[in-house]
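Report on one structure; see the data block that follows.
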Amino acid sequence: MPRDPKKREKEVMKRRRHQKEASNARHQSQVNALDTPRAVLRHARSFPIYECLISESWKDPDDTSLVQVL
């Protein structure tokens, strides 16, 4: 570290500026967390459920077709 107080202060301010930039970059990455489809799927369990639609034949044991759930 420099012994001159002005140089020392300059170094400290430079270090703080880098820390602040890194902090802002982390915050920005959290804001953009849902930018990719993979990230959306990862966070899907926290999304609210608006409506659940199931085909009418889901209880019919004789019906071997697929059940549709939306």
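What you see below is based on every heavy atom in this structure, not just the backbone, and it leaves out hydrogens, waters and symmetry mates. Because the structure is a prediction, the values reported are computed rather than measured.
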**Report entry** Lys14 vs His18 side-chain heavy atoms within contact, under 4.5 Å
**Finding:** yes
Query raised in the report: Is there any side chain to side chain donor-acceptor pair (under 3.5 Å) pair reaching into residues 48-57, and which pairs are they, with sequence neighbours excluded?
Result: Ser57-Asp63
Query raised in the report: For Ala39 and His43, which heavy atoms make the closest approach, and how far apart are they?
Result: O-ND1, 2.8 Å
Requested in this report: Report the distance from atom CZ of Arg16 to atom CD of Glu9, rounding to the nearest 0.5 Å.
Outcome: 8.5 Å
Query raised in the report: For Val69, what are the other residues in its hydrophobic cluster, where any two members join if their side-chain heavy atoms are less than 4.5 angstrom apart?
Result: Ile54, Trp58, Val67
Requested in this report: Return yes when atom CG of Leu41 has more than 12 non-hydrogen atoms of other residues, nucleotides or ligands closer than 6.0 Å, and no otherwise.
Outcome: yes
